[in-house]
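Reviewing the structure listed below.
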There are 2 protein chains.
Amino acid sequence: MRNELDSKDIQILSLLLNNARLSNKEIAAKIEIAQSSTHDRIKKLTQKGYLKGAFAQIDQKKLGLNIEVILAIKLNKQHRAIIADFIEKASQLPGVIQLFHMAGNSDFILHVAVKDSDELRGFILDRLSTLDYIQSTETTMVLHNERVNNIL
Amino acid sequence: MRNELDSKDIQILSLLLNNARLSNKEIAAKIEIAQSSTHDRIKKLTQKGYLKGAFAQIDQKKLGLNIEVILAIKLNKQHRAIIADFIEKASQLPGVIQLFHMAGNSDFILHVAVKDSDELRGFILDRLSTLDYIQSTETTMVLHNERVNNIL
DNA sequence: CCTGAAATTTACTCTGA
DNA sequence: TCAGAGTAAATTTCAGG
């Protein structure tokens with residue numbers, strides 16, 4: 001049981017990174033090994049934790065989510081308990097796509113999609129700012145957003 | 001051919017949003033309709049453009065990508081041609097996970113993963129700052145990053 | 001660790017309601 | 001538009017090199 005991955009494993013991860021719905025057969029064809037080998041490798045990559053899941057990409061605008069923003073958030077305390085609490089609460093807020101815990105000027109960055117400005121207003125005023133350890137929030141509109149995944 | 005989606009469609013999108021590798025059968029069981037109906041619906045959702053693709057999630061640290069940063073970038077020009085050029089160039093830079101074109105203080109935000117600080121230095125100095133329309137970059141470390149996908 | 005083929009499960013198609 | 005049954009195709013397992 002080697003810990004290192006060979007180039008075939010990296011190729012599999014790279015393919016799935018950009019298209020998680022590729023079938024075993026298609027992957028096997030692309031990297032030129034047997035289907036059963038591809039199957040084994042994906043199984044092992046999953047078991048060892050290299051592959052963690054897959055997310056579909058949906059057309060947010062078609063679903064009426066017309067406004068996409070980045071919210072930079074500062075807390076007035078950075079205790080571990082507060083951080084954990086915020087992560088838990090923010091994960092449950094409707095509209096949140098992605099959450100970053102930062103080591104810088106802001107404590108958190110939230111990537112959020114909402115229907116309209118009313119919903120955005122509600123999100124910030126009713127959902128976020130009601131948490132008593134929020135010091136400030138800064139909202140910036142996203143004009144365009146592209147998944148690149150150029151890491152392998 | 002109705003344009004609106006019913007609650008079953010939304011449920012399908014929501015399930016796939018959080019686990020793109022769910023099979024037809026599993027989805028059919030979860031939302032309690034026939035497999036063939038699930039199949040039809042997914043096909044239509046894809047054809048109509050609601051479902052656009054799927055990305056696998058990989059364990060970056062296990063692959064040696066130990067540093068994750070957010071890079072806020074300002075350009076000294078915002079012409080359409082410059083923006084398009086930057087998006088194209090940035091999409092090809094190794095380490096870029098996601099790219100946001102912003103309507104605010106920064107023009108772009110890049111979510112980047114690299115192996116170590118040397119690679120980060122190379123990324124900023126050799127790859128980014130060599131583009132002549134870059135005015136400034138600000139790098140902030142990501143301590144933690146969570147996909148939430150709480151939009152449906 | 002890979003291959004190739006068998007066994008099983010799933011996806012896909014179509015008919016009828 | 002949905003459900004059920006049949007066919008095609010894929011996944012999964014396994015013995016052998």
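Just so we're clear, the structure is a prediction, and the values are computed from it rather than from any experiment. Residue numbering restarts at 1 for every chain, and letters A, B, ... go by the order of the sequence lines.
When the P atom of C:dA11 is taken as reference, atom CG of A:L22 falls 16 Å away, rounded to whole Å. When the P atom of C:dC12 is taken as reference, atom CD of B:Q47 falls 12 Å away, rounded to whole Å. One interatomic measurement links the two molecules: CZ of B:R21 to C1' of D:dT12, which rounds to 14 Å at whole-angstrom precision. Residue A:I12 contributes atom CD1, which lies 13 Å from atom C1' of C:dC1 at whole-angstrom precision. Separating the CD1 atom of A:I27 from the P atom of D:dT12 is a distance of 11 Å, rounded to the nearest angstrom. The nearest whole Å value for the distance from the CG atom in A:L45 to the P atom in C:dC1 is 11 Å. Between the CD1 atom of B:I31 and the C1' atom of D:dT1 there is a distance of 14 Å, rounded to whole Å. If you take CG of A:N24 and P of D:dT11, they are 5 Å apart, rounded to a whole angstrom.
Across all non-hydrogen atoms, the minimal contact from B:D59 to A:G49 is CB-O, 3.2 Å.
Relative to the side chain of A:K25, the nucleotides C:dC2, C:dT3, D:dT11 differ in distance, and D:dT11 lies closest. Considering only side-chain atoms of A:S36, the nucleotide from D:dT12, D:dA3, C:dG4 that sits closest is C:dG4. Checking D:dA5, C:dA11, D:dT1 against every side-chain atom of B:K44, the shortest atom distance belongs to D:dT1. The listed nucleotides are C:dA11, C:dT3, D:dA5; the one nearest the side chain of B:Q35 is C:dA11.
Counting non-hydrogen atoms of other residues, nucleotides and ligands closer than 6.0 Å to CZ of A:R127 gives a total of 12 or fewer.
For the OP1/OP2 pair of C:dA11 and a distance below 4.0 Å, the side-chain nitrogens and oxygens of B:K43 include no atom meeting the criterion. Proximity of A:S23 to the phosphate of D:dT11: a side-chain N or O atom is located under 4.0 Å from OP1 or OP2.
The aromatic ring centroids of B:F100 and B:H111 lie 6.0 Å or more from each other.
Under a cutoff of 6.0 Å and an axis angle of 45°, B:K77 and B:Y133 do not form a cation-pi pair.
Both A:S37 and B:H39 lie near DNA chain C, and the one whose nearest nucleotide falls closer to the 5' end is A:S37.
Between A:F108 and A:H101, the ring-plane angle classifies as parallel under the 30° and 60° cut-offs.
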